[in-house]
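Beneath this line is the structure, given in C-alpha cells, with notes to follow.
Values below: every heavy atom of this structure, side chains too, minus hydrogens, waters and symmetry copies. Please read all numbers here as calculations on a predicted model, not as lab measurements.
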Amino acid sequence: KMAVETGYWSLYRFDPALDQDTRFQLDSKKIKPDIEKFLSRENRFGILKRSCPKQAEDLQHSLTAKYQERHRRLKEMADHTFGSQIQKLQTGMMPTEDENGVP
C-alpha cells in the first residue's frame, strides 16, 4: 500500500477490449511526496543511508523526482491526452498492403 501511495509502484489497468478513451485507467490518482518513509522500510536503502548518508539523500531526491514525473505521464495517459497518439501508433504499426493485397 505504501509503495503505491508514494509512487514507487504505479497502480493502473489496461484493457484493450474497452473503448479507445477508457482502455488505460490510473488507479493511483495521487501520490504522497514523502518517499523517505517507504525507503526506510527497505533494508537496502537503510544500509545505504547509514553507510553513505549524502548519496542516500541524493538518491532519495532523484527517486522522488522520477516517480513524480512517471506519475504525471501516467496521469496524462489516463486523462486521454494520448488517445489520438496511441491510435496513430497503432495505425503506423499495421502492415500496409500493395495493390495486390500483399503486405
Side-chain angles (χ1 to χ4, degrees):
K1 180 179 177 181
M2 190 179 286
V4 173
E5 289 175 350
T6 59
Y8 184 83
W9 187 267
S10 298
L11 191 58
Y12 60 87
R13 290 178 268 173
F14 181 79
D15 187 353
L18 293 176
D19 185 35
Q20 181 76 25
D21 291 335
T22 58
R23 287 181 182 177
F24 181 80
Q25 299 173 359
L26 183 63
D27 293 331
S28 51
K29 301 289 182 192
K30 197 185 256 190
I31 59 172
K32 295 179 181 177
D34 185 25
I35 196 167
E36 183 177 1
K37 188 174 181 181
F38 171 72
L39 294 179
S40 67
R41 299 178 73 176
E42 297 283 320
N43 285 336
R44 56 191 169 171
F45 296 118
I47 292 169
L48 179 63
K49 189 172 183 175
R50 286 189 297 277
S51 62
C52 306
K54 175 65 176 141
Q55 287 85 356
E57 184 179 338
D58 292 344
L59 176 63
Q60 176 189 335
H61 292 300
S62 174
L63 287 174
T64 299
K66 287 183 185 292
Y67 295 150
Q68 287 175 346
E69 174 61 21
R70 179 179 62 190
H71 186 73
R72 185 194 62 77
R73 285 193 324 250
L74 290 172
K75 196 170 182 178
E76 284 179 358
M77 289 174 65
D79 290 340
H80 317 300
T81 57
F82 292 120
S84 62
Q85 293 176 1
I86 291 171
Q87 189 175 8
K88 287 178 188 176
L89 284 172
Q90 289 173 336
T91 305
M93 291 189 298
M94 300 296 286
T96 56
E97 297 178 353
D98 63 10
E99 64 274 356
N100 297 324
V102 178

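The shortest side-chain heavy-atom distance between Glu36 and Leu39 does not fall under the 4.5 Å cut-off. Within the 4.5 Å cutoff, the side chain of His71 has heavy atoms near those of the Ser28 side chain. Put simply, the side chain of Gln55 does not reach to within 4.5 Å of the side chain of Leu59, judged on heavy atoms. Between Phe24 and Leu74 the shortest side-chain heavy-atom distance falls below 4.5 Å.
To the nearest 0.5 Å, atoms OH (Tyr8) and CZ (Arg70) are separated by 9.0 Å. The CG atom of Leu63 sits 11.0 Å away from the CG atom of Asp58 when rounded to the nearest 0.5 Å. Atoms NZ and CD, from Lys54 and Glu57 in turn, are 5.5 Å apart once rounded to the nearest 0.5 Å. In this structure, the separation between CZ on Phe38 and NZ on Lys32 is 13.0 Å, given to the nearest 0.5 Å. Between Ile31 atom CD1 and Leu11 atom CG the span is 13.0 Å, to the nearest 0.5 Å.
Contact check on Arg72 versus Glu69 returns a salt bridge, with a Lys/Arg side-chain nitrogen under 4.0 Å from an Asp/Glu carboxylate oxygen.
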